[in-house]
A.B. asks: 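A single structure is presented below for examination.
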Amino acid sequence: GAVVSQHPSRVICKSGTSVKIECRSLDFQATTMFWYRQFPKQSLMLMATSNEGSKATYEQGVEKDKFLINHASLTLSTLTVTSAHPEDSSFYICSARGGRYNEQFFGPGTRLTVL
Amino acid sequence: GIQVEQSPPDLILQEGANSTLRCNFSDSVNNLQWFHQNPWGQLINLFYIPSGTKQNGRLSATTVATERYSLLYISSSQTTDSGVYFCAVKETSGSRLTFGEGTQLTVNP
């Protein structure tokens with residue numbers, strides 16, 4: 001199957017700072033990328049969907065000014081958490097679909113802790 | 001939106017036992033995937049199975065799309081099978097995967 005990488009795997013930051021998370025599809029062109037959030041002992045919740053070169057589509061209740069998504073190329077999407085607060089602490093997972101694949105592949109996730 | 005229900009929510013097995021996990025969904029789908037989330041959080045693709053039956057080693061899956069359910073079979077379970085198993089579906093009319101709540105599997109030695 002295809003490989004999706006995510007960086008960093010873990011980040012700890014102070015309240016009020018911004019954090020950028022990168023997601024890359026390593027061996028296929030990802031026409032669509034997805035960002036999920038997962039709280040402990042819960043399922044994955046979709047935050048936004050982005051198509052290469054287009055603005056992201058955010059799910060209801062997700063603040064687009066707080067969670068900035070850029071999908072500038074067919075292999076890279078970034079999620080920036082702006083002015084992070086402790087309630088933003090969570091596990092963020094990216095996913096990609098494209099090329100010859102109908103299925104989605106997931107990155108290893110980024111654990112964000114805001115102090 | 002589509003509803004996805006997984007059962008059982010928790011399952012504890014002895015090593016070597018077999019198990020069946022179920023995923024029910026409420027509408028027509030054109031994508032169904034099974035994942036294993038390991039203790040480090042990585043989602044591992046197990047099956048892409050919108051219909052039919054597939055097998056991969058000790059794991060197999062069957063989706064009966066007309067009856068809106070899928071089953072994941074784990075045979076001769078090992079401690080490394082422990083983790084959360086998620087079913088996720090994409091409605092025929094939609095563009096995104098919707099996840100079930102998962103089954104927490106614990107395999108004891």
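Hydrogens, waters and symmetry mates play no part in the numbers below; they use all other heavy atoms, side chains included. Letters A, B, ... are given to chains in the order of the sequence lines, protein chains preceding strands, and every chain is numbered from 1.
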A.B. asks: Just checking A:Lys66: does its NZ atom have more than 12 heavy atoms from other residues, nucleotides or ligands closer to it than 6.0 angstrom?
C.D. replies: yes

A.B. asks: Quick check on the interface: out of B:Glu101, B:Gln42, B:Gln104, B:Gln37, who has the most heavy-atom pairs with chain A under 4.5 Å?
C.D. replies: B:Gln42

A.B. asks: Tabulate, in ascending numerical order, the residues of residues 68-81 of chain A having at least one heavy atom closer than 4.5 Å to a heavy atom of chain B, or enter 'none'.
C.D. replies: none

A.B. asks: Heavy atoms only: give me the nearest B:Asn108-B:Ile12 pair and the separation to one decimal.
C.D. replies: ND2-CG2, 3.4 Å

A.B. asks: Are side-chain N/O atoms of A:Thr82 and A:Ser18 paired as donor and acceptor at under 3.5 Å?
C.D. replies: no

A.B. asks: Atom OG of B:Ser26 and atom CZ of B:Arg68: how far apart are they, to the nearest 0.5 Å?
C.D. replies: 7.0 Å

A.B. asks: Between the side chain of A:Glu63 and the main-chain N/O of A:Gly61, is any donor-acceptor distance below 3.5 Å?
C.D. replies: no

A.B. asks: Suppose a student defines contact as a heavy atom less than 4.5 Å from any heavy atom of chain B. Which residues in residues 24-45 of chain A would they list?
C.D. replies: A:Phe34, A:Tyr36, A:Gln38, A:Gln42, A:Ser43, A:Leu44

A.B. asks: Rounded to the nearest 0.5 Å, what's the gap from CD on B:Gln6 to OG1 on B:Thr103? Could you check?
C.D. replies: 5.0 Å

A.B. asks: Between the main-chain N or O of B:Arg96 and the side-chain N or O of B:Lys90, is there a donor-acceptor pair closer than 3.5 Å?
C.D. replies: no

A.B. asks: With a 4.5 angstrom heavy-atom cut-off, which part of B:Phe86 approaches chain A: side chain, backbone, both or neither?
C.D. replies: side chain

A.B. asks: May I ask you to decide if B:Ser76's main-chain N or O and B:Asn18's side chain share a donor-acceptor pair within less than 3.5 Å?
C.D. replies: yes

A.B. asks: More than 12 heavy atoms of other residues, nucleotides or ligands under 6.0 Å from CD of B:Glu15: is that the case?
C.D. replies: yes

A.B. asks: Using a heavy-atom cutoff of under 4.5 Å, enumerate the residues of residues 85-110 of chain A that contact chain B, numbered in order, or state 'none'.
C.D. replies: A:Phe91, A:Ile93, A:Arg97, A:Asn102, A:Glu103, A:Gln104, A:Phe105, A:Phe106, A:Gly107, A:Pro108

A.B. asks: Within the side chain of B:Thr20, is there an N or O that forms a donor-acceptor pair under 3.5 Å with the backbone of B:Tyr73?
C.D. replies: no

A.B. asks: Just give me the residue among B:Leu97, B:Asn31, B:Thr98, B:Asn38 that pairs up with chain A most often, heavy atom to heavy atom, under 4.5 Å.
C.D. replies: B:Leu97

A.B. asks: Roughly how far apart are B:Ile49 CD1 and B:Thr63 OG1, rounded to 0.5 Å?
C.D. replies: 4.0 Å

A.B. asks: Side chain to side chain contact (heavy atoms under 4.5 Å, CB included) between B:Trp34 and B:Leu59: does it pass, once the steps are laid out?
C.D. replies: CA-CA 11 Å; B:Trp34 282 98; B:Leu59 273 59; over 6 Å; no

A.B. asks: Does anything in residues 27-86 of chain B form a disulfide (SG to SG under 2.5 Å)? List the pairs, not counting sequence neighbours.
C.D. replies: none

A.B. asks: Got a second to check how far B:His36's NE2 is from B:Leu72's CG, nearest 0.5 Å?
C.D. replies: 10.0 Å

A.B. asks: Among A:Arg111, A:Gln6, A:Glu59, which residue forms the greatest number of heavy-atom pairs with chain B at distances under 4.5 Å?
C.D. replies: A:Glu59

A.B. asks: Which atoms of B:Gln33 are under 4.5 Å from chain A, going by heavy atoms: the side chain, the backbone, both sets, or neither?
C.D. replies: side chain

A.B. asks: Any chance you could measure B:Leu32, atom CG, to B:Ser51, atom OG, to the nearest 0.5 Å?
C.D. replies: 10.0 Å

